[in-house]
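First the structure, in the form of structure tokens, and then the observations on it.
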Amino acid sequence: MEREGTISEASKNKGRLKIVLGFTLLYLIVEVIGGIMTKSLALLADAGHMLTDVGGLALALIAINYAERNATAERTYGYYRAEILAALANAVVLIGISFYILYEAYLRFLNPPEVQSKEMIIVAAIGLLVNIAGMVILRKSSGESLNMKGAYFEVLSDMLTSIGVIAAGIIMLTTGWYYADPLLSAGIGLFILPRTWILLKESIGILLEGTPKEVNMAGLRSSILEIEGVEGIHDLHVWVLTSGVNAMTAHIVLKEGVTGRLVLPVLQKHITENFKISHTTLQLEEPGFGEEQTHV
């Protein structure tokens with residue numbers, strides 16, 4: 001019943017996400033065409049930033065869709081990791097785009113071309129309206145889940161970039177100082193790069209079964225040892241299945257004469273309520289049971 005409730009909560013946001021994704025993708029195409037026609041690197045750089053938004057929104061939809069699918073005999077954990085693989089591919093592509101934007105900005109600093117500033121402002125203003133509409137659609141949903149909050153912040157960050165592109169266009173239109181275009185473009189490239197690098201590191205960390213950053217392993221271990229009836233703990237592992245879904249396995253050594261039937265509910269409740277772990281697998285052992293086993 002808990003899983004069904006989670007799916008229902010996420011599913012009701014799919015319609016909003018699809019609308020915003022459609023608008024954002026359409027504007028991305030318009031911005032690429034507008035950047036080429038106006039010779040504005042700032043518009044093309046902002047299109048690269050828009051691509052991060054499209055990727056983020058698409059990943060939010062993927063996370064919802066795949067979380068609804070049942071596990072199979074071949075995929076016993078279901079399809080959670082599809083989101084992480086998509087995030088990894090998205091990060092690699094966007095790092096390449098960021099470096100290309102910086103390279104093009106360098107070339108334009110050497111010889112800045114004349115930019116059709118008026119048309120550039122019009123295209124950026126359309127993008128600003130699209131982003132404002134997206135924020136209105138997602139604002140209420142952003143308080144319901146981290147997934148939706150991430151999508152909301154993607155759109156918010158692009159709205160701020162659109163304002164910057166409009167400002168650069170106004171500067172070039174009123175002063176003829178065309179260095180504003182590559183200057184803003186370099187800023188957008190540098191803005192994308194650190195955020196994308198963090199996404200890359202987090203994706204690789206999850207695929208390498210790294211410990212979730214929000215879980216304090218030392219605190220988890222010591223708190224389990226404080227539970228009445230627990231003698232020791234070994235083979236403790238915590239990892240991320242997908243964003244917001246942490247799993248844990250551990251071997252719990254019970255004190256002499258303690259019944260696992262009494263300790264197990266206490267352990268489960270303690271772990272799920274005090275640590276951000278939603279799936280636990282605990283093996284209860286008598287003292288000396290695992291001495292000859294291989295521990296990892």
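These figures come from a predicted structure and were not determined experimentally.
- Counting heavy atoms of neighbouring residues, nucleotides and ligands inside a 6.0 Å radius, atom OH of Tyr100 does not exceed 12 of them.
- Note: Leu282 CG to Leu264 CG = 6.0 Å, rounded to the nearest 0.5 Å.
- Rounded to the nearest 0.5 angstrom, Asp235 CG and Thr249 OG1 are separated by 7.5 Å.
- Separating the CE atom in Met217 from the CG atom in Leu236 is a distance of 4.0 Å, to the nearest 0.5 Å.
- Here CD of Gln268 is found 8.5 Å from CE of Met248. Values are rounded to the nearest 0.5 Å.
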Q | Verdict with reasoning, Leu262 to Val258, per side chain to side chain contact (heavy atoms under 4.5 Å, CB included) | A | CA-CA 8 Å; Leu262 300 176; Val258 173; 6.0 Å; no
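- When side chains are defined from C-beta on, Leu193 counts as touching Ile95, because their heavy atoms get closer than 4.5 Å.
- Taking both residues in full, the closest heavy atoms of Lys39 and Asp181 are given as O-OD2, 4.3 Å, listed atom of the first, atom of the second, then distance.
- Scanning all heavy atoms of the two residues, the minimum distance from Met37 to Gln116 falls at O-NE2, 3.2 Å.
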Just distance, no hydrogens or angles: give the donor-acceptor pairs under 3.5 Å from side chains in residues 25-32, sequence neighbours left out.
from: Tyr27; atom 1: OH; to: Glu31; atom 2: OE2; distance (Å): 3.2
from: Tyr27; atom 1: OH; to: Val123; atom 2: O; distance (Å): 2.8
from: Glu31; atom 1: OE1; to: Ala47; atom 2: N; distance (Å): 3.4

Would you list the atom pairs, donor with acceptor, under 3.5 Å between side chains in residues 163-179 and any protein atom, with sequence neighbours excluded?
from: Thr174; atom 1: OG1; to: Ile170; atom 2: O; distance (Å): 2.7
from: Thr174; atom 1: OG1; to: Ile171; atom 2: O; distance (Å): 3.4
from: Thr175; atom 1: OG1; to: Ile171; atom 2: O; distance (Å): 2.5
from: Thr175; atom 1: OG1; to: Trp177; atom 2: N; distance (Å): 3.2

Q) Does the side chain to side chain contact (heavy atoms under 4.5 Å, CB included) test come out yes or no for Gln283 and Ile252, once each step is laid out? A) CA-CA 6 Å; Gln283 177 172 311; Ile252 307 295; over 6 Å; no
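- The backbone N or O of Pro287 lies less than 3.5 Å from no partner atom in the side chain of Glu256, so there is not a single donor-acceptor pair.
- More than 12 non-hydrogen atoms from other residues, nucleotides or ligands lie less than 6.0 angstrom from CZ of Phe275.
- Nearest heavy atom pair, residue Leu254 against residue Thr259, reads CD1-C, 4.4 Å.
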Q) Under the side chain to side chain contact (heavy atoms under 4.5 Å, CB included) criterion, do Arg75 and Thr72 qualify, and how do the steps go? A) CA-CA 5 Å; Arg75 301 284 185 274; Thr72 65; 3.5 Å; yes
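- Of the inter-residue distances, the one linking Ile277 atom CD1 with Ile271 atom CD1 reads 6.5 Å to the nearest 0.5 angstrom.
- Separating the CD1 atom in Ile36 from the CG atom in Leu43 is a distance of 10.5 Å, to the nearest 0.5 Å.
- Shown here for Gly232 and Leu225, the closest heavy-atom pair between the two residues is CA-CD2, 3.6 Å.
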(Q) Walk me through whether Val245 and His279 qualify under side chain to side chain contact (heavy atoms under 4.5 Å, CB included). (A) CA-CA 8 Å; Val245 182; His279 179 79; 5.7 Å; no
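- His270 approaches Ser223 most closely through the heavy-atom pair NE2-OG, 2.9 Å.
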Listing, residues 205-215 side-chain donor-acceptor contacts under 3.5 Å, not counting sequence neighbours, or none:
from: Glu209; atom 1: OE1; to: Arg81; atom 2: NH2; distance (Å): 3.4
from: Lys213; atom 1: NZ; to: Glu202; atom 2: OE2; distance (Å): 3.1
from: Glu214; atom 1: OE2; to: Asn246; atom 2: ND2; distance (Å): 2.9

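- Between Gly219 and Asn216, the closest heavy-atom pair is N-OD1, 2.9 Å.
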